Structure formats: C-alpha cells, structure tokens
6 protein chains.
Amino acid sequence: MTGATLSHLDAAGNATMVDVSGKATTLREAVAKGRITMRRTTLDMILSGTAPKGDVLATARIAGIMAAKKTSDLIPLCHPLALSSVKVDLAPVADDTGIEITARVRTTGPTGVEMEALTAVCVAGLTLYDMCKAVDRDMEIGQICLHHKSGGASGLYERTAPPSR
Amino acid sequence: MTGATLSHLDAAGNATMVDVSGKATTLREAVAKGRITMRRTTLDMILSGTAPKGDVLATARIAGIMAAKKTSDLIPLCHPLALSSVKVDLAPVADDTGIEITARVRTTGPTGVEMEALTAVCVAGLTLYDMCKAVDRDMEIGQICLHHKSGGASGLYERTAPPSR
Amino acid sequence: MTGATLSHLDAAGNATMVDVSGKATTLREAVAKGRITMRRTTLDMILSGTAPKGDVLATARIAGIMAAKKTSDLIPLCHPLALSSVKVDLAPVADDTGIEITARVRTTGPTGVEMEALTAVCVAGLTLYDMCKAVDRDMEIGQICLHHKSGGASGLYERTAPPSR
Amino acid sequence: MTGATLSHLDAAGNATMVDVSGKATTLREAVAKGRITMRRTTLDMILSGTAPKGDVLATARIAGIMAAKKTSDLIPLCHPLALSSVKVDLAPVADDTGIEITARVRTTGPTGVEMEALTAVCVAGLTLYDMCKAVDRDMEIGQICLHHKSGGASGLYERTAPPSR
Amino acid sequence: MTGATLSHLDAAGNATMVDVSGKATTLREAVAKGRITMRRTTLDMILSGTAPKGDVLATARIAGIMAAKKTSDLIPLCHPLALSSVKVDLAPVADDTGIEITARVRTTGPTGVEMEALTAVCVAGLTLYDMCKAVDRDMEIGQICLHHKSGGASGLYERTAPPSR
Amino acid sequence: MTGATLSHLDAAGNATMVDVSGKATTLREAVAKGRITMRRTTLDMILSGTAPKGDVLATARIAGIMAAKKTSDLIPLCHPLALSSVKVDLAPVADDTGIEITARVRTTGPTGVEMEALTAVCVAGLTLYDMCKAVDRDMEIGQICLHHKSGGASGLYERTAPPSR
C-alpha cells in the first residue's frame with residue numbers, strides 16, 4: 001500500500017464522506033468477530049436453565065442485528081446502505097472464559113459492509129455487558145476485528161494476524 | 001454477590017427493563033477505557049501533520065460523544081437518561097501500538113452511566129477503524145472495560161483486575 | 001404452505017435477518033388498513049370546524065408517513081428499504097364509530113413493503129389516540145391487517161378473510 | 001367532560017405540544033393491551049419447540065420495549081420522557097386464536113405514559129406479524145386499548161368498556 | 001464578556017460536552033425566528049384554498065416540533081433534554097415575500113433551549129422548501145436568530161440587533 | 001412553470017410522499033450554501049490558534065455530514081436515499097463577518113438531493129451557533145439556498161438570483 005492515504009480526509013485534511021458514485025454495485029460480504037470475557041459464574045448464569053439463556057442471548061443477538069442497521073447513523077463518514085442480510089452468532093469460547101460474537105453482513109451495493117459487521121459485534125457485546133453487569137462489573141470486551149471481506153474492487157481479505165497482538 | 005441474579009430477566013427468564021422508579025436521583029459518574037491497536041505506520045499517519053490529525057481524532061471524539069447520547073436506543077434494556085456531561089479523550093498508547101480511548105460520563109439521575117461510557121468508547125474506536133481501514137484492515141479494538149463508577153446505592157467501583165485477562 | 005417454517009429463525013431457532021441478496025429487484029406494493037373506534041362526540045370534534053380538522057388528520061397522516069420510513073428501525077428483522085411512495089388516507093367509517101386508516105406503500109427493491117404499510121397504519125392510529133385522549137380514553141385501535149400485496153416471487157395477495165375474525 | 005376540547009390544538013386549530021411545565025412530577029403508570037390473531041397452525045409454530053419459541057417471543061418483547069423508548073420520536077406531539085420501567089408480556093389467548101400483548105410502563109415525570117404503553121403493544125404486534133408473515137398473511141392486530149392509568153392530576157383510570165366495541 | 005472562551009472546547013481545544021451537573025434545574029424558555037422568502041405566486045399557492053393550506057403549513061409545523069425533540073441527536077455537543085412545551089407558528093411576512101417561522105420552547109432543566117428553538121425554525125423552513133421546490137427553486141431561508149431567552153444563571157436575553165446585519 | 005402545483009399534496013390537498021417509482025435512477029448532485037454571521041471577535045476566536053480551530057470547524061463539518069444522512073428522518077415527505085457522497089466546506093466570508101457553509105451531495109437514485117444539501121448547511125450552521133453561543137448570542141444564520149442541481153428529468157439548475165433578495 002505504498003502511498004496510501006487516509007481516504008476520509010480531503011487534501012486539506014478535512015473529514016469527508018468518500019465519493020462512491022463511481023464504484024460498482026456488487027455483492028459484498030464481511031465477517032467480524034469479538035468476545036466478552038467474564039467470570040465463570042457469570043457465564044454459567046447465562047448458559048444454565050433454558051428460559052434465561054434464551055432471553056440473554058436473544059436480546060444480544062437482536063441488539064447486534066439492529067445496530068448493524070444503524071451503522072451509518074453512528075459512524076460519521078459511513079455511507080447509508082440497504083443491507084440484504086445480517087446474522088449474529090453467540091457461542092461460549094472454548095475455555096469457558098466468555099462468549100464469542102460473530103457477525104456476518106451482506107449487501108448488494110457500492111461499498112463494503114465491514115463497519116456494519118464490526119458495529120453489530122460491539123453492540124451485541126455491550127448488550128451482554130448490560131445484562132450481566134449487576135453480577136460482574138469486571139467483564140471486558142475485546143478482540144474485535146475483521147475476519148473476512150469479499151466483493152468490490154479491493155478483492156478478498158482474510159485475516160491472518162493472530163488476535164490480541 | 002451470593003445469590004446474585006441477572007437483573008434484566010424476570011422470574012420467567014424474560015427480558016425486562018429494570019424498574020428504577022424507587023431509586024434515588026443522585027450524581028453518578030462512570031469512566032470506561034478501550035484501545036484500538038494498529039500498525040506503526042497507520043498511527044503515524046494519524047498523528048503526523050496538523051490538519052489530518054485534527055480531523056481524524058476530532059471525528060472519533062465527536063462520534064463517541066454522540067453515541068453516548070444514543071445508548072438507550074442501542075442497548076435494548078438501558079434506561080433513557082439526561083446526560084449532564086460526556087468527555088472522550090484519545091491518546092497514543094505508550095508503546096505506539098495504537099490509540100487509547102477514555103470516556104467519562106456524568107448524570108444526575110436514578111441509574112448509572114457505565115453503559116453510556118462503554119458505548120462512547122466502542123463507537124469512537126469503530127470510527128477510528130473506519131477512517132483508517134483503507135490503509136490497515138488488521139486493526140483490532142479491545143480492552144474495553146469499566147474503570148470507575150460512583151454514585152448510587154451500589155457505591156464506588158474502581159477496576160483492579162488487569163486488562164486482557 | 002406445507003412444510004412452511006418461520007423465515008426469521010435459523011436452524012437453531014435463533015432470530016436472523018433473512019438473506020435477500022438473491023431476490024429480484026422489482027416494483028412492489030402493499031396496502032394495509034386499520035381503524036380507531038371512538039365516541040361519536042370525539043369523532044365530531046375531529047371532523048367539525050375546518051382548522052382543527054386540518055391539523056388532527058394532517059398530524060396523523062404525517063406521523064404515519066414518517067413511521068413508514070422508520071420501519072426497519074422499529075421491527076428488528078426488517079430490511080432497510082428505499083421507499084418510492086407512501087400514502088396515508090384517513091376517513092370516517094360508515095357508521096361514524098371512528099376513523100379508518102389506509103396506507104399504501106411502494107418500493108423498487110428485493111423485499112416487500114407490507115411491514116411499512118402496517119407500521120404506517122399503527123402509528124397514524126396511535127397519533128389520533130394521542131390527540132384525542134384528553135377527551136376519550138376508551139378509544140380502541142384494531143382491525144389492522146394487510147389487504148393487498150403485489151410484486152416479488154410470492155405473487156399477488158388480496159385479503160379475503162373478513163376482518164375481526 | 002363537558003366543554004372538553006382537543007388538548008393538542010391551539011385556539012387557531014394548529015397542532016401544538018401541550019405545555020406541561022406547570023404539572024407535578026409524580027410516579028405515573030400505564031397498562032395497555034392488544035392482540036394478534038392468527039391461524040392455529042401459526043400459533044403452534046411459535047409455541048412448539050423451545051429454541052424457536054424463545055426467539056420469536058423474545059424478539060417481539062424486545063421490540064416492544066425498545067419502541068416504548070422511541071414513542072416521542074414517533075408520535076409528533078408526545079413529550080420526551082425518562083422512562084423508569086417497561087415490561088412487555090406475551091401469552092397465548094384463551095381460545096388459542098393468537099397472542100395477547102400487555103405492556104406496563106412507569107415514569108416519574110410531569111406527563112402520563114399511556115402512549116408509551118400503547119406504542120409498545122403495537123410494535124410488539126407488528127414484530128410478531130413480521131416473523132410469521134411467511135406462513136400466514138391473514139393475521140390481524142387489534143383490540144389495542146388502555147386498561148389502566150394512574151398518577152397525575154387526572155387520577156385513576158381503569159377501563160370498563162368491553163373490547164372490540 | 002472579557003475573557004470569554006468557547007465553552008465547548010477543553011483546555012487542549014478538544015470538543016467536549018459542557019458539564020451541567022452543577023447547574024440549577026429551573027424553568028427555561030427560548031424563542032427563535034426565521035423566514036423563508038419565495039415568489040409571490042408560490043406564497044399564493046400555499047395560502048389559497050383551504051385544504052392545501054392546511055397541509056403545507058401543518059406539515060411544516062409538525063416537522064418543526066418533531067425536530068426540536070431531535071436537537072441533541074443533530075447537534076453534537078447539545079445535552080439531551082425533556083422538553084415541556086414546543087410551539088411553532090407560521091405566518092406570511094408583512095410584504096408577502098414569504099413566511100415567518102417562530103418557535104417557542106420551554107423546559108424545566110439545567111440548560112437552556114435556544115438550540116431546540118433554532119432547530120425547530122430551521123427544519124420547519126426546510127420542510128416548506130421541500131413542499132414548494134417543484135414550483136420555486138429560488139427560495140431562500142434566512143434571518144434565523146434567537147429573539148428571547150429566559151431562565152438559568154445567564155439571565156434574560158432579548159435580541160436588540162436588527163436582523164440581517 | 002404554468003399550471004405548476006405543489007407536488008406533495010394530492011388532489012384533496014393532503015400531504016403525500018410523491019411516487020418516484022417511475023423515475024430513472026441516475027447520478028444526481030446538489031450544492032447548497034448558507035452562512036452564519038457573527039461578531040469579529042467571535043470569528044477570531046474560531047480561527048485563531050490551531051487546536052481550537054480544528055475542533056470547532058471539524059465538529060460543524062461532521063454534524064453537517066451526519067445531518068445529510070438524516071434528512072428523510074427530519075423532512076416528512078422526503079424519500080430515504082442511499083447517498084454516495086457528502087462534502088461540507090467551511091470558510092470565513094470575504095469581509096470577516098462570519099463563516100460560509102457549502103454542502104455538496106451526490107447520489108445515484110430516482111430523486112434529487114437538494115434537501116440533503118440544504119439540511120447539511122442548516123445543521124452545520126446550528127452547530128457553529130451552539131459552539132459559540134456562550135460568547136455571542138446575536139449570531140444569525142441565513143442566505144440558505146440551492147446553488148446547483150444536476151441529474152434527473154428536470155435538468156440542470158444554476159442559481160442566478162442574488163442572495164438575500
């Protein structure tokens with residue numbers, strides 16, 4: 001990326017929404033992941049029983065989906081987009097230290113949807129924090145990064161860097 | 001916290017907005033932090049020059065402040081609150097691997113503002129990601145946690161756990 | 001509809017936004033209706049005079065149109081859509097027991113607009129309730145259903161079931 | 001209510017937001033109900049199994065709660081309010097023809113919360129419609145009315161009129 | 001105002017939401033005005049007849065009222081406030097060159113409502129522009145300023161400067 | 001424009017969102033301008049120094065860009081649009097009496113973007129007012145008008161009328 005510059009600043013260094021009117025309308029997809037770490041007892045509280053589990057995870061999943069639709073309202077220079085699919089998955093991490101959040105977003109449009117996927121992950125994590133904070137204030141949200149991106153002129157991206165560098 | 005339960009679920013395990021009508025209206029404050037890690041060259045691009053620096057950091061700061069005001073619209077069971085102060089600080093981390101985000105929020109009301117502070121941190125981080133993603137897609141947002149909380153019946157909280165456990 | 005399943009749940013029963021990226025972009029239209037029933041004296045108050053009538057009905061009509069545009073922000077799994085037309089009509093019902101609300105919405109896109117039409121009807125009804133509640137708290141909003149839908153793979157739908165079954 | 005007038009119109013018949021600056025700040029509560037009627041097979045699909053049930057009902061419940069917080073954004077002349085509690089219950093109606101929706105909202109403020117409760121009912125109903133419309137387009141939302149209101153100068157209201165008059 | 005500084009910048013020049021947690025909760029009011037100038041024939045089109053007049057002016061009035069409630073969502077450093085009254089008046093200017101817009105907003109809170117009144121004026125003007133632009137694209141919105149402000153530590157303000165300086 | 005009528009009213013004079021489903025999807029652009037006039041000392045405070053300048057102007061610029069994306073949420077009969085570019089420029093006016101605001105918006109869609117450009121100008125102006133109001137309450141926002149519009153059936157528009165007629 002020799003000579004690369006920050007795309008959201010004009011020549012004078014002012015913030016600007018990048019002009020995408022010349023970009024092709026293609027199918028684009030992005031996958032982002034993140035996790036919320038918590039005490040083992042907190043995780044057990046979420047996973048044990050059936051009814052509570054349903055609503056804690058369901059609430060976070062729905063919050064993540066709805067947040068993806070609000071991305072351009074939250075991120076100042078993001079383009080508004082008509083999303084064609086949003087999927088948010090929540091699963092305990094392997095060592096039972098928390099919950100991993102995965103968001104997959106698709107659109108047919110002129111720009112990518114990595115910000116929508118990342119926003120869904122963040123807000124799902126924040127919602128889990130909110131619902132468990134009465135029993136555990138030490139929770140931490142992290143490892144939020146892009147894992148896959150396809151479609152558009154920049155081509156395929158698959159994350160290779162290890163998390164939490 | 002023996003016998004603690006998830007406050008946002010009723011006896012049947014259904015999601016519910018906690019009733020705060022009996023809680024005292026007091027001055028409450030919360031501080032949350034997080035960071036976005038990036039390549040050294042990406043960080044240099046943000047920090048070098050004067051105009052670009054102004055707008056990249058200014059945009060993230062404003063996005064964080066505005067997001068704090070949208071918290072109850074994003075997090076399903078959060079109470080709407082009249083915030084009395086929101087401050088978002090951005091500074092390079094000591095080893096030049098990224099930018100640390102600190103949000104401080106105050107209100108005079110019946111509930112705490114930790115979710116507002118955490119939301120401001122997340123959205124400021126997402127905005128930095130958005131503005132730099134054209135040059136660095138490997139960035140990672142993490143270490144998002146509550147550092148301080150005061151006011152209200154639950155008393156003072158100061159984070160003692162090390163980050164990234 | 002043998003073998004039909006709830007389209008907004010994945011195989012594990014989790015809420016998900018249906019993927020419409022493979023669906024054709026066609027002209028789609030939906031018509032929904034509903035009504036608010038009220039005391040005869042309340043209805044007279046809305047209809048009598050000229051200025052008051054203008055603003056009560058105008059306010060409800062505008063609220064309905066604006067709500068159609070907010071549908072994907074209200075209904076968690078609805079796709080955001082670029083609406084090409086929204087029309088809300090309000091008329092006294094034949095026996096003077098209230099006001100009938102009709103919403104007609106059009107788009108050129110990959111999904112139908114029945115939720116937008118139904119949302120416009122609901123919010124127009126809620127607005128009429130709000131403006132008249134000081135004189136009549138017994139009002140009731142009901143008979144909200146889809147009457148017509150065209151465009152897209154599922155073809156034409158015309159409601160045949162009688163209302164208030 | 002002799003001499004009653006529509007409170008949201010000024011002397012010239014123009015829409016206006018009622019001035020509540022002189023009203024007392026007291027605890028106020030409102031309960032609204034409504035129902036969505038559907039085919040028996042559609043209802044079975046919602047209620048059978050455990051995971052699907054969780055997410056269909058959970059999604060509608062969360063949508064209703066979030067909509068209560070958006071009431072003043074939807075209803076033009078509604079005052080913005082800091083809600084202290086929102087609860088949405090969903091239960092099959094006695095004769096298995098659909099689902100009854102009950103919303104209970106509380107605030108400590110200068111105006112009532114009946115519009116917030118009614119809005120939560122409507123949007124929970126619309127969300128159920130959205131999630132089941134792929135298998136049943138004949139569903140109908142109705143019987144939306146206020147059942148209880150307390151607090152404030154106008155005193156206690158308990159609905160006595162039978163539904164669907 | 002010797003030594004006055006821009007209140008929304010901290011010592012380092014960074015944007016910040018002013019801390020109002022120490023300010024008194026009092027009744028505050030603000031009045032703002034502005035106008036949209038247009039061709040005589042455009043104005044006649046708005047004012048002639050009864051039904052059209054109702055809806056053009058009613059739509060602008062409602063848009064202005066709703067915008068006042070969205071002020072803190074639009075203006076980055078504005079505090080969210082519970083407004084107790086919003087009134088928007090529209091009247092032809094004396095020489096028939098357009099429409100004068102007046103917004104009066106009240107709250108009982110720790111900060112003033114001049115931004116809410118100014119925002120209502122702007123959005124009412126933009127709505128009039130939108131509804132008339134098919135016949136007149138030369139319209140101009142201007143003379144938007146604060147005319148009155150009372151309540152709070154800064155005391156009474158009455159505009160004395162002539163418009164359009 | 002003989003026989004021209006207000007496009008947002010139907011035959012009965014009711015407000016309606018114009019049906020654009022038959023209009024061509026083309027590249028459209030609009031440029032709007034406006035200004036905020038202020039005391040010389042207020043302008044100096046914005047322009048002097050480097051850090052403060054960055055954040056006052058940056059905040060207004062970002063507020064304007066974000067407002068363009070909210071246009072259809074503010075203006076009742078505006079169509080929601082997927083904007084492809086938004087640019088907001090701020091510069092001192094020639095005689096140092098204030099700041100001129102220019103917004104340029106582009107889309108590829110069935111309707112024009114003049115309302116988006118005008119909304120960006122208004123909200124950038126309101127944000128400048130908000131940030132400077134502690135030192136100057138006499139500021140005035142005005143001369144808001146469309147300067148250029150291209151694309152679509154109505155063809156090219158270039159403003160020729162002098163400002164502040």
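Keep in mind it's a predicted model, so treat the numbers as computed, not measured. Convention: sequence-line order gives letters A, B, ...; per-chain numbering from 1.
Atoms CG and CG, on E:Asp89 and D:Asn14 in that order, are 7.0 Å from each other to the nearest 0.5 Å. With rounding to the nearest 0.5 Å, the separation of CE in D:Met17 from CE in E:Met66 is 9.5 Å.
Among the residues in residues 92-99 of chain E, none has a non-hydrogen atom closer than 4.5 angstrom to a non-hydrogen atom of chain D. At a heavy-atom cut-off of under 4.5 Å, chain D is reached by E:Lys69, E:Lys70, E:Leu81, E:Ala82, E:Leu83, E:Ser84, E:Ser85, E:Val86, E:Lys87 from residues 68-87 of chain E, listed in order of number.
Sparse packing is recorded around CZ of D:Arg104, with 12 or fewer heavy atoms of other residues, nucleotides or ligands lying under 6.0 Å away.
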